[in-house]
Every structure is written in structure tokens, then in C-alpha cells.
Amino acid sequence: MSRWWCGASLVFCLLSGTLSVRAQSDEDEETESASETPSAPREVLGFEGRSSTFQASRWLGSEDDAEREKALKRLGLASDAQGIDLLIRAVQPEGQARTPRLRLVALRSLARSLDDAAVRRALVTLMSGAGQPPEAAERPLEVLVREGAAMALAKSNHPDALVVLGKALRQGGPTGQAAAQALTAYPPKQLGALLTTPGAASTNLVDVLAAIKDQRAFHALRSYVTRGSPDVRARATLALTELGHMETVALARHWLQSNATDDTSKLTAIRVLSMAGTDDAAKHLGKLFDDEDQRQAAARLAFEMPSPRLLPALDRALGQAKPGEQPLLLAAMGRAGGAGAARLLAARLAADPFAAEAAYALALSPGEPAERALIDGLASPKTRRLCARALSLRAWAIGSEASELDAALRALITEKDPADRAAGAFGLSVLSPRMAAALVGWRDPAVVIAAARAATHGDAALAAARRLANEKNPTLVIALSNALNSPEARKLVPSSKLHELIQGGSAAASLAVRALAARLQRRSDQFVDELSHSPSPEIRAEFALGLGDAPAPAATGLLLEMYEFETDALVRRAIVAASSQRPEASRSRVLELARALDPDAQVRQLARLGTRGHPLAAAPLGYQTFWLSLEQSSTAASAQRAQSPANTPVVVQGPRGHTLVALPDSDGFVGLIGLDSGPLRYVLADPSE
């Protein structure tokens, strides 16, 4: 099968009184002594507040974790002096918040009072994992605790918090990574606390300075280039280049001329030259392809910074590369573009084992030569089907439709070979939603399966949904289920069909879950708990997205329940996107929590958009495409496994959680269009389901 692109212990010195730090001013690079901002006086409780806090303190002393969780939430809402003290004691190593779940609840309650110095010290305890066994550090909920505490400290922007985060950056490990992530999300107004904290510079520190792109970091970065570890020197050199300081070019050439240069510095030097666009960048990168240990890194760099000058080296490397490296090399060729790239890729269309990857590289390659190479391939029976598919995806992704393509597709759909008919049907459906709507109604399964992959929106989805409602053929049911991607189309499919897909464990279950969730009438519906706690992240994400359209007001509360302890960032994106679409004012609880403390940058971005009134749950119609070639395994353990690749459904999930399901054509080809931009992930479903 080939696919396409597809802490330990941390000790902080915290003073209970006033803490002095050296902080750099915004105007210049001088440092000055700054004192911790005095804590705001805590609220004096009235009778009702005292009663509420007293009740919460009783729950906190319970042996029942559910009671403790309720107490921690209530104390956070009260935000009074006694309640905050109880929260602080609860997160200490011997406190009541002993499980990661309780620690996460306590963290979010404490984050309401970031101006309190004692609260910030408690957040340091949570971030460092004090009192937790070493093996707990990588438990998913504990990771959320660590990263959320770092986010809260960075959000406070208090000098003492920045000192602690600066120390964490230098000590590294999971806590240092959490600190780097948080400071990138909340860049400090003053850099002094980060730059003057004792200790050696780390890659985490340099990554933060590079990410916030603050010119005041210039002198620090320059010093790290000469006195840091090899990794720090390399990252600081790249950071200076990213900030526009081209003095790094001379340094890069010096490293490349030195025989003592390590591999990290050598690769960094070549990246610097590539970023600067120097004439000798391709020469040095080309030499790197001859090093077996560096070939993968060189291919990645050639893909990220394409250049026609690299084509000879890429072509030479293809003959020496391992199978796992060849698709990336071909992709780098395509991104380089031009007549030379088109010629090299076209030569691999007929007999090369990576002909499919070469065709897709041509499909996305800029310029007329790539399109002309694919058009020429239509004339040969050996490459006609492959080139027709590539030209179809090129028309969608780039917007360039070859005049010869329509006739070629219409000829393919009349052929005897089902793979040819499928190629014709898929291409015609990509080019014309009207044709897609007609083709999903054909009697030929090969045509229906191929056309259904493009029937995800508009009239094509409506036509597919009408057929899906009464379809008995289980294979076609899976193929036609892409229609459930459309809010209008899924209304045409009865709930009984959706339950059938879910209960049968179909590869289309995630799409059915989204459609069923959109029909939620009440919180007590029997499928709610099972689907919202499904072990499958695809199911949880799609259930959340469906709740965005549900008529039941309870859907908003359910989304909050799902968000609170969700460890998969992609599922949290789906929850936030769905919350943005809810009409209830309580949706802001999810959006504000996600915007403030979620460690995933995309979750925070979606939450910001949601608070501004942007509805985000609907499946976007983007320009990204998906190409996959499945091959029959020659080492199948049984006759049952030695099946045609066409029997293996592929479930593709986009960056916000939306899924599509695709059945391959008889030759193993899977193509999809209209996907949202961003990383995709896919799974191969069990053919028996």
C-alpha cells in the first residue's frame, strides 16, 4: 500500500513574600527591577456565599470523587477567599484533588483568580506534577493539567509566573514543552524574565523567541549561536534568519566548509541558504541526498522549499531511495514545477512502481508543462486512466480544466473494465455536480461507488441521499453515505437507516452519528451516553459536530460535558466548532474556556472565531484533495484477507473532525475532493464491516 502526503521532577524556588525579577522594558533592552503586582483583596463573603462555600467544603471532604468534583467546580464559581484557599490546598501533593480529572477541574477553577500570587504558586504545583508518580506524566489527562496550568501562568503575564516559565524552558522535558507552548500562545510583554533567568539556553527557549518574532530577542539569539549546544545553535541560527538577519548566511557557509561540522549544523546551514534563496543552496542540498542517513531530511527540505535546481539531485536520489522515501521525493519534484519536473515525472507514469504518486505530483504541480504531460498520457491505454484521474483532481485543486479531459472521461465510462468506468465516473462527477447527481443513480456499482465519492454537497448529495434511504446493497450503502456530509441531504435519510449503520459497525458509522446527533430531541435519548463516550475519536468528533445543529437546547450542555475531559485535540476542535453554532448563551462557557486555556492552537483559534459569531460546525467545501492507492497484500494469512483492495473502506478525517468514507475502485484507487485545508488522517476499515 502506498499513501499520499497524506515533569519528571521540576523544582522551582518560590518565595511566599514579594518576589523580585529582572524584566526587560518594551522600549529598550535595559533591565530593571520589578516587583510582583500585589494581589487583589479577596472578596468578603455574605451569608449566602459562606453557606455555599461551606457546603462545597463538605463535598470536598467526601471519599466520592464525584462529590469532590462538584465541590471544586462550586469553589471556582464562588471565587471568594475561603474558596480559593480550599482550592489551593486541594491541589497540593496531599490534597483532595488526587486524580488527574480532579486536578484538571481544580486548575480551571483556580484560573479564574490569576491575580492572586498564591493561586499562581498552586498552578506551578500543577504544572510541575508535584506529588504525582513519574509514570503519570504522560497520561492524557495529566498532560492536559500540565499544559493548562502553563497556559494559565502565561496568560497571567505576572513577572513571577514568567520567571517560573523561563526556568521551565531551560530545564526542558514535558514541562519545558508545556511552557514553550504557553508562552507562544501568550507572548510576554517583557522578555527580561525569559532572557535573564539563570541556566543554559534550550531549544524550547529559542523556539519561543522565534515564534513570537520579537526583535528585542536579537542579541540573545545571536549569543546562543556561538555558545549554545549544537541543537540550540542550530535553532537560534534559523530563528535569526526568520527574523530577517542575513548575517547567518556567512555562518552557514562556514559550517558547510568545516569538516568538523555535525549533521544538525550541516542541515541547518543548508536550510538557511534555502531560506535566503542563495545560488549555492541547491548545490549543497543536492550533496545531502547522497548521504543515506540524511536523505529523508533532505527530501523534506526539498519539499518545503522547492526549487527547479534540485531536480537532478532528486532524480538521482530516486534510484537510491528506500520505498518509504520515494513518494516524498516525487512530491518535491512536483512542487518544483517547470518543464524539467514535468518531464521527469511523466517518464514514471507508464511502468514505474510509483506511477500513481508521479501522477498526483503532476496533478498538483504548478505550470502548463505538468498539465501537458498528463494530457499526453491520455493518448496511451497504459496511462489513460491514471492521467484522467490526475487531471480531474487538478481541475478541482488548481482550477485548470484541460479541454481534452471531458471526452476522455466519457470514453472511459463506456469501457468494459470496471476500473476504467470508475475513473470516468469519478472525473465527470468532480467536474460537474449535475453529472454526479445523475451517476449516483446508475445501476452499475463501479460507477455509483466512484461518483459517490464526489457527492458530498449540493444536488449530488441530495441525489445520493434519496438513493441511500432505500438502498439494500450494503456496499452501496457505505459508498452513498457521503451524502450525510450535507445538512440538507441527511434530512432525507430515515433514522432507522442511521441506526442500522451505527449498530452494524459500518465504516460509515461516523457520518451516521453526525446525522443522528443533529436530530437530538432530549438529553435522555438512549444513544447519547454511548456515542459521546465512544472509544473512537472519529465517532466522538462527529457526534459533537452533529450537536451543533440539534434542536434540543440540552445539546449545549452536552458539548460542555464532552469538552471538559476530552484528551484528543481534534475532537476538542469539533466540540468548539459545534458550540459556535449553538443559539444558547451558555455556549460561551465552552468557547471562553477553550480560548483561554486549551493547549491546541487550532482549538483556541476556532474558539476566538466562535466568540465573534462565526458558525463553524458545517463541513467546509475546500480545495484539498486526497489520493490513495491500495494494493493487495501478497502475504495475506488467509483467503479472507486476500481480497481485492476494493473491499477495504477508507475513512478520512479532516482537521476539524469531519469524516468522509470512500470505497476504492477495483484497482485500489481512492480519490476525494472538497476537503478542508490542513492535515488529514485516515484509517482502513475492516472489509467485513
Side-chain angles (χ1 to χ4, degrees), residues 5 201-211 213 217-218 220-322 324-338 340-341 344-345 361 365-366:
W5 302 325
S202 67
T203 53
N204 283 328
L205 172 60
V206 178
D207 284 342
V208 170
L209 298 178
K213 292 181 169 47
F218 168 74
L221 288 171
R222 200 168 186 229
S223 68
Y224 301 154
V225 169
T226 59
R227 60 181 174 85
S229 67
D231 286 341
V232 168
R233 292 201 308 270
R235 189 65 191 94
T237 302
L238 289 175
L240 284 174
T241 310
E242 291 164 2
L243 289 172
H245 298 285
M246 291 297 108
E247 63 186 70
T248 55
V249 171
L251 175 62
R253 287 179 173 142
H254 170 72
W255 283 350
L256 290 170
Q257 291 168 3
S258 172
N259 293 329
T261 301
D262 58 274
D263 288 343
T264 298
S265 298
K266 184 183 298 183
L267 186 60
T268 298
I270 295 173
R271 184 178 287 274
V272 166
L273 297 181
S274 299
M275 291 168 65
T278 64
D279 292 338
D280 54 346
K283 178 187 71 174
H284 290 293
L285 181 54
K287 293 178 181 178
L288 208 59
F289 283 109
D290 297 327
D291 184 342
E292 183 177 353
D293 295 333
Q294 293 291 320
R295 191 176 297 126
Q296 183 78 16
R300 175 58 58 185
L301 182 54
F303 178 82
E304 294 172 359
M305 301 180 182
S307 169
R309 295 176 180 175
L310 292 173
L311 290 173
L314 288 167
D315 188 43
R316 184 178 69 253
L318 273 169
Q320 306 167 346
K322 300 174 183 177
E325 297 169 343
Q326 290 170 324
L328 186 58
L329 292 167
L330 291 165
M333 273 188 183
R335 285 172 60 85
L344 291 172
L345 291 169
S365 184

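This structure is a prediction, so every number in the text was calculated from the model and none was measured.
- Closest of all the heavy-atom pairs between Leu310 and Ala302 is CD1-CB, 3.8 Å.
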Start with the C-alpha distance between Lys287 and Ile270, add both sets of side-chain angles, then the distance that settles side chain to side chain contact (heavy atoms under 4.5 Å, CB included), and finish with yes or no. CA-CA 10 Å; Lys287 293 178 181 178; Ile270 295 173; over 6 Å; no
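- The two residues Ala331 and Ala361 come nearest to each other via the heavy atoms CA-CB, 4.4 Å.
- Ion pair Glu242/Arg235 flagged as a salt bridge, since at least one NZ, NE, NH1 or NH2 atom sits closer than 4.0 Å to an Asp/Glu carboxylate oxygen.
- Distance alone, capped at 3.5 Å, is enough to place a donor-acceptor pair between the Ser223 side chain and the Ala220 backbone.
- Side chain to side chain, Asp280 and Thr278 meet the donor-acceptor criterion of an N or O pair below 3.5 Å.
- A side-chain contact (heavy atoms from CB on, under 4.5 Å) with Leu221 is found for exactly one of Leu209, Thr248, Leu238, namely Leu209.
- Between Ala276 and Val249, the shortest heavy-atom distance links the atoms CB-CG2, 3.7 Å.
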Could you walk me through whether Lys322 and Gln296 pass the side chain to side chain contact (heavy atoms under 4.5 Å, CB included) test, one step at a time? CA-CA 9 Å; Lys322 300 174 183 177; Gln296 183 78 16; over 6 Å; no
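- In this model, no donor atom of one side chain and acceptor atom of the other lie less than 3.5 Å apart for Thr237 and Thr268.
- Minimum heavy-atom separation, Phe218 to His245: CD1-NE2, 3.4 Å.
- Of all non-hydrogen atoms in Ser265 and Arg233, the two that sit nearest each other are OG-NH2, 4.4 Å.
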